[in-house]
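The analysis underlying the following values was restricted to heavy atoms, covering all of them including side chains, and did not include hydrogens, waters or symmetry mates. In the text below, chain A, chain B and the rest are named by the order of the sequence lines, each starting its count at 1.
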There are 2 protein chains.
Amino acid sequence: MARAATTADAFNAVAEPRRRQILDVLSGGERPVNDLVRLVGLAQPLVSKHLRVLREVGLVGVRDEGRQRMYSVNGQPLKPIHDWVKTYERSWSRRFDRLDVVLEELKEVKEDDDGEDE
Amino acid sequence: MARAATTADAFNAVAEPRRRQILDVLSGGERPVNDLVRLVGLAQPLVSKHLRVLREVGLVGVRDEGRQRMYSVNGQPLKPIHDWVKTYERSWSRRFDRLDVVLEELKEVKEDDDGEDE
DNA sequence: GAATTATATACCGATATAGGAATATGTCAA
DNA sequence: TTGACATATTCCTATATCGGTATATAATTC
């Protein structure tokens with residue numbers, strides 16, 4: 001065995017800076033590939049390949065529009081990352097200094113997020 | 001050029017499942033290497049190598065204690081990941097359905113996190 | 001000092017990339 | 001149909017791993 005496949009999950013897909021850059025551009029709205037090529041400053045085949053990886057983990061969607069393919073973001077697969085990282089928030093956030101605030105947050109999360117998804 | 005170096009940043013360091021596992025164990029408190037070997041079920045040299053990567057991005061710290069080396073977690077380098085992922089929270093959180101809640105959150109963040117770090 | 005324990009490093013093999021160049025596929029227009 | 005444009009795929013090379021085995025370093029005990 002060797003290195004784990006990058007296309008395996010969102011963690012790996014997003015570890016590549018160019019792919020984060022692509023997502024950042026797309027977060028401003030749907031874009032055809034050529035826009036990304038121009039905005040990210042990467043060769044067209046490379047952009048297509050990165051988009052393939054992002055598609056495979058569900059981070060982007062495509063829609064055919066004439067001879068263009070419109071790509072859009074879907075952040076849902078990022079939720080596991082968010083959830084995992086959040087458990088370490090204590091390490092950097094001053095918010096966790098006071099217990100009462102922590103409890104306040106927990107209550108709030110329960111109210112707003114209950115039955116969120118999955 | 002080939003694949004980006006894993007040791008480059010927290011994004012890559014954390015893309016490896018075994019390393020997340022190690023961090024998760026350490027989040028329960030300081031541990032010597034052998035504990036990790038046992039708990040993660042990985043060969044000792046592999047654990048040491050993963051720890052090296054984690055050390056290089058600042059995600060763990062070490063403390064010498066006799067002939068053991070006590071490792072501990074430092075989540076600070078995860079903050080950039082948290083911040084980046086958070087901008088996509090809209091995609092999965094029902095919390096963003098109502099504008100008033102969004103504004104409430106923004107206000108709250110400003111109060112609690114102001115002048116956090118860096 | 002020798003044996004033991006704890007950890008780190010070096011070397012190896014297999015593999016999965018990232019980027020580049022060339023080419024294939026697909027759509028529209030004249 | 002031919003040509004132009006948009007995008008995807010294939011083939012290639014270099015490299016950075018991950019896991020494994022063997023070994024080196026370091027501290028403790030006898």
Nucleotide D:dA8, atom P - distance to CD1 of A:I22 in whole Å: 11 Å

Phosphate-side-chain proximity, B:Y71 and C:dA6, N/O vs OP1/OP2 below 4.0 Å: no

N/O (side chain, B:N34) to phosphate O (OP1/OP2, C:dT5) under 4.0 Å: no

Integer-rounded Å distance: C:dA6 C1' and B:R38 CZ: 14 Å

Base of C:dA8 paired with side chain of B:Q44 (donor-acceptor, under 3.5 Å): yes

Closest to side chain of A:Q68, choosing from C:dG20, D:dG19, D:dA6: D:dA6

Most 5' of A:R18 and B:P32 on DNA chain C, judged by nearest nucleotide: B:P32

Whole-Å distance separating the CG atom of A:L42 from the C1' atom of D:dT7: 15 Å

B:R52 atom CZ: more than 12 heavy-atom contacts under 6.0 Å: no

Heavy-atom check, side chain of A:L54 versus side chain of A:Y71, under 4.5 Å: no

Between D:dA26 (P) and B:E65 (CD): distance, integer Å: 19 Å

Integer-rounded Å distance: C:dA22 P and A:K49 NZ: 14 Å

Touch class at under 4.0 angstrom, heavy-atom based, for A:P45 against every strand present: base

Nearest to side-chain heavy atoms of B:S48, which nucleotide of D:dA8, D:dC18, C:dT7: C:dT7

Side chain of B:A43 (C-beta onward), nearest among C:dA8, C:dG20, D:dG20: D:dG20

Salt bridge (Lys or Arg N to Asp or Glu O under 4.0 Å) between B:R38 and B:D35, worked out: CA-CA 5 Å; B:R38 197 161 32 75; B:D35 274 21; 3.1 Å; yes

Short side-chain N/O contact from B:R52 to OP1 or OP2 of C:dT9, under 4.0 Å: yes

Main-chain N/O of B:D24 paired to B:S27 side chain as donor or acceptor, under 3.5 Å: yes

Mutual orientation of the aromatic rings belonging to B:H82 and A:W92 [parallel < 30°, tilted 30-60°, perpendicular > 60°]: tilted

Separation of D:dC12 P from A:L46 CG (nearest whole Å): 18 Å

Residue B:R69, side-chain heavy atoms: nucleotide from C:dA18, D:dC11, C:dT7 that is nearest: C:dT7

Check: C:dT5 base within 3.5 Å donor-acceptor of B:R67 side chain: yes

d(CG, A:L36; C1', D:dA8) in whole Å: 14 Å

Spacing of B:D35 atom CG relative to C:dA6 atom C1', expressed in whole Å: 12 Å

